[in-house]
Structure formats: structure tokens, C-alpha cells
Amino acid sequence: MRAAICEELGSLAVKDTAPIEPGPGQVLVTVEAAGVNYVDALFVQGRYQIKPPLPFVPGSEVAGTLPDGTRVLAMCGLGGFASHVAVPAAAAVPLPDKLDAPRAATFTQSHCTALFALRDRAALAAGETVLVLGAGGGVGLAAVQVATALGARVLAVASSEEKRRAALAAGADSAVDAADVKAAARAWSDGGVDLVYDPVGGALADPALRALREGGRYAVIGFASGDIPSLPLNQVLLRNRSIVGVDWGAWSMRHPAEQRALLDELLAMVADERLDPVSPRTEPLTSAPQVLDDLLNRRVVGKVALLP
């Protein structure tokens with residue numbers, strides 16, 4: 001088989017490897033597309049809290065076919081940047097006809113994070129307003145779509161005109177530059193938004209927090225900027241605001257039945273056209289090193305899928 005292998009931190013080599021054999025309780029997936037996520041780049045750089053032994057194959061979500069021809073998506077943890085991957089049989093989830101392989105391979109992490117964060121952690125209600133930071137990236141675009149499907153109004157914040165157009169196409173009601181988040185959000189929402197969805201961190205965190213109305217919630221998703229912000233807690237106290245932590249990945253591993261129900265709900269939303277996931281940029285597996293560099297440097301609009 002073919003795989004992108006991290007043999008030393010900071011680099012990937014795409015090469016032929018020995019075929020893998022499924023273990024007990026596993027199935028072999030012939031990979032049609034592998035989703036690329038920010039965490040994959042952190043793994044290769046050795047900057048993630050989990051550090052797999054070298055060598056390893058990154059890639060945590062794939063879409064492809066089982067030996068009987070069933071189309072599936074699967075979360076595999078590692079090993080996805082390859083032509084084949086073995087996963088537990090329960091992890092191979094049948095796909096609705098409306099979802100092609102590239103979109104399926106870039107669906108689970110972003111959309112499950114969004115639904116878990118917005119509905120289950122931050123209790124978003126129909127009619128509320130959401131400020132989505134990093135709205136032109138894959139995680140942000142999923143949040144725009146899920147928030148809209150839940151009946152919220154969305155103000156997207158993105159750093160380039162191309163990313164703002166992508167957010168609007170995904171369903172955002174309006175999109176602004178990151179230059180003056182607080183003033184733009186307050187003006188758009190008539191005084192303050194109900195919820196901030198923040199996968200970015202860094203310098204945008206403080207003004208986004210100040211853009212919340214009284215009783216507003218700030219959902220902490222991640223720190224794609226590379227900087228973990230220190231938020232002024234007086235701004236949380238003064239208007240009875242709340243900060244909500246969102247660690248979907250750890251939650252999903254501790255609660256597999258609830259995670260499967262969450263994913264099934266999202267796939268049902270795709271099947272009945274309440275969600276229409278954005279098509280990712282596709283690249284050959286040999287482009288994996290460049291794609292990870294683009295992700296780290298925030299040059300990617302939406303998501304990327306690798307095609308083995």
C-alpha cells in the first residue's frame with residue numbers, strides 16, 4: 001500500500017509499504033479520501049499532547065469502501081494518510097448517498113465539534129446570534145453551517161476576502177474582517193452577540209469576549225493562532241457572561257454511544273438536506289507535506305482532502 005509516513009518529527013515521506021491486515025474485530029477500508037486536520041500537522045511537528053512513537057502515519061478521518069463495496073467514513077486516530085487503513089468494525093459508518101468521499105472524509109471532526117459545542121455545551125437556541133471566529137477554515141465553516149441549521153443568525157469573522165466569501169456561501173448572514181471584532185459584532189447584533197465560537201484564540205479572544213451581550217457564552221474550541229489567550233475575568237463577571245470549554249475529541253472517546261448518536265444525527269441532517277457540507281480542496285497524497293504547512297500557516301480556505 002501507499003502511505004505518508006512521519007519517520008522524523010517535522011517531515012513526511014510518501015512511499016510504498018507492506019500491506020496491512022485487519023486484526024480481530026477490525027475491517028479494512030480502501031481509502032478514497034483522507035481528511036486533513038490541524039491536529040495532524042501538530043502530530044507531525046511533535047507539538048500535540050499525544051506523541052505517537054516514530055514512525056507513524058498521520059490522518060484521523062477517512063472515507064472509502066469495505067471489501068463488500070459498502071461506502072463508509074471512519075475515525076481512525078492515526079493511519080489515515082494511506083491507501084488502506086484498518087479500523088474497528090463499529091467505527092466504519094455507512095454513508096448517505098448525498099455525501100461523496102472527499103466531503104465525508106472532512107466531515108466528522110469539524111461537524112461533530114460544532115454540534116457538540118453549539119447545542120450540547122453552549123445551549124444555542126433558535127433565533128440567537130453567533131459570532132464565529134476563523135469562519136473561513138474547515139472548523140469555522142462547519143460551525144457556520146451547524147449554527148444556521150439550528151436556527152441561529154451568524155456573523156462570520158475571517159482574515160481574507162476569499163475566506164469571508166466562503167463563510168457567506170456556507171450560510172453566514174454577514175461576514176467581517178478581524179480588524180474590529182467588538183464594534184462590528186455589537187453593531188450587527190444590536191448590542192452584543194449571544195455566543196462566540198472560537199477555534200482561533202490569540203489576539204481575537206479579548207475583543208470577542210467583549211462583544212458578548214449580558215448572559216452571553218464564550219465557547220473555547222481551540223487555538224489555531226498558536227497563542228493561548230489570557231482572558232480578563234472581570235469581563236466575564238461584569239455582565240454575567242460564561243466561558244464554556246469544548247473538548248469534543250476526549251468526550252467522544254469516553255462516550256462512544258453518545259458520539260455515534262451525535263454523528264448519526266448529523267448524517268441524517270445531510271440526508272434530509274438540512275446540512276450541505278462544503279466540498280474540500282483535493283490534493284494527491286504526495287502533497288501531504290505542503291498541505292500540512294498550509295494549515296499551520298492558515299493558508300487553507302475550508303478543508304483539504306488527500307486522494308491516495
Side-chain angles (χ1 to χ4, degrees), residues 35 37-39 60-63 72-75 90-91 93-96 98-99 102-157 166-167 169-173 193-200 216-222 224 242-280 302-303:
N37 293 286
Y38 188 75
V39 69
S60 57
E61 57 181 335
V62 300
V72 297
L73 60 74
M75 294 294 296
V93 179
L95 289 178
K98 294 181 182 294
L99 207 53
R103 292 195 299 158
T106 53
F107 180 78
T108 302
Q109 288 197 28
S110 296
H111 287 79
C112 283
T113 296
L115 186 58
F116 178 66
L118 292 168
R119 186 192 65 187
D120 299 345
R121 295 290 295 135
L124 180 66
E128 288 193 309
T129 52
V130 183
L131 177 68
V132 177
L133 304 182
V139 172
L141 288 176
V144 169
Q145 290 195 313
V146 172
T148 300
L150 294 174
R153 295 174 56 231
V154 177
L155 175 62
V157 178
D173 296 275
V193 296
D194 296 292
L195 177 62
V196 170
Y197 188 94
D198 183 8
V200 178
R217 294 92 73 201
Y218 192 110
V220 180
I221 313 301
S242 302
I243 297 177
V244 179
V246 179
D247 188 353
W248 165 76
W251 172 85
S252 67
M253 288 187 285
R254 289 195 300 269
H255 303 277
E258 291 88 343
Q259 163 55 24
R260 179 58 187 265
L262 186 78
L263 178 56
D264 285 347
E265 184 172 355
L266 285 162
L267 291 172
M269 293 169 74
V270 173
D272 64 17
E273 300 184 346
R274 284 178 288 160
L275 275 181
D276 184 19
V278 175
S279 293
K303 299 277 283 190

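We count residues from 1, following the sequence as given.
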Quick one: pull up CG in L118 and OG1 in T148 and give me the separation to the nearest 0.5 Å.
-> 10.0 Å

Can you tell me how far SG of C112 sits from CD of E61, rounded to the nearest 0.5 angstrom?
-> 9.0 Å

Rounded to the nearest 0.5 Å, what separation is found between the NZ atom of K303 and the OG atom of S279?
-> 13.5 Å

Could you go through the side chain to side chain contact (heavy atoms under 4.5 Å, CB included) check for L262 and R119 one step at a time?
-> CA-CA 11 Å; L262 186 78; R119 186 192 65 187; 3.6 Å; yes

With no hydrogens and no angle check, is any side-chain donor or acceptor of H255 less than 3.5 Å from a backbone partner on W251?
-> no

Could you verify whether a donor N or O on one side chain and an acceptor N or O on the other, from W248 and Q109, lie under 3.5 Å apart?
-> no

Apply side chain to side chain contact (heavy atoms under 4.5 Å, CB included) to the pair T108 and L266, showing each step before the final yes or no.
-> CA-CA 9 Å; T108 302; L266 285 162; over 6 Å; no

Identify the heavy atoms of L275 and A149 that sit nearest to each other, and give their distance.
-> CD2-CB, 4.3 Å

Heavy-atom side-chain contact between V146 and M269 under 4.5 Å = no

Atom of A170, atom of V278 and distance for their closest heavy-atom approach = CB-CG2, 4.3 Å

Distance from L263 atom CG to Q259 atom CD, nearest 0.5 Å?
-> 6.0 Å

Where do P102 and P280 come nearest, in terms of heavy atoms and distance?
-> O-CG, 3.5 Å

Is the side chain of R217 donor-acceptor paired with the backbone N or O of A122 at a distance under 3.5 Å, no angle test?
-> yes

With no hydrogens and no angle check, is any side-chain donor or acceptor of T129 less than 3.5 Å from a backbone partner on D194?
-> yes

Kindly give the heavy-atom pair with the smallest separation between P277 and L99, and that separation in Å.
-> CG-CD1, 3.9 Å

Ignoring hydrogens and angles, tell me if any N or O in the side chain of D173 forms a donor-acceptor pair with the backbone of V154 under 3.5 Å.
-> yes

Minimal heavy-atom distance between A114 and A143, with the atoms involved, is CB-CA, 3.8 Å

D276: which of Q145, R103, K98 passes side-chain hydrogen bond (donor to acceptor under 3.5 Å, both in side chains) = R103

Atom pair CD1/OG1 of I221 and T113 - distance to nearest 0.5 Å | 7.5 Å

Looking only at heavy atoms, the pair that brings G171 and V144 closest together is C-CG1, 3.9 Å

So among L131, V139, V157, which one has a side chain to side chain contact (heavy atoms under 4.5 Å, CB included) with Y197?
-> V139

E128 and L195: CA distance, side-chain angles, deciding distance, side chain to side chain contact (heavy atoms under 4.5 Å, CB included) verdict | CA-CA 8 Å; E128 288 193 309; L195 177 62; 5.8 Å; no

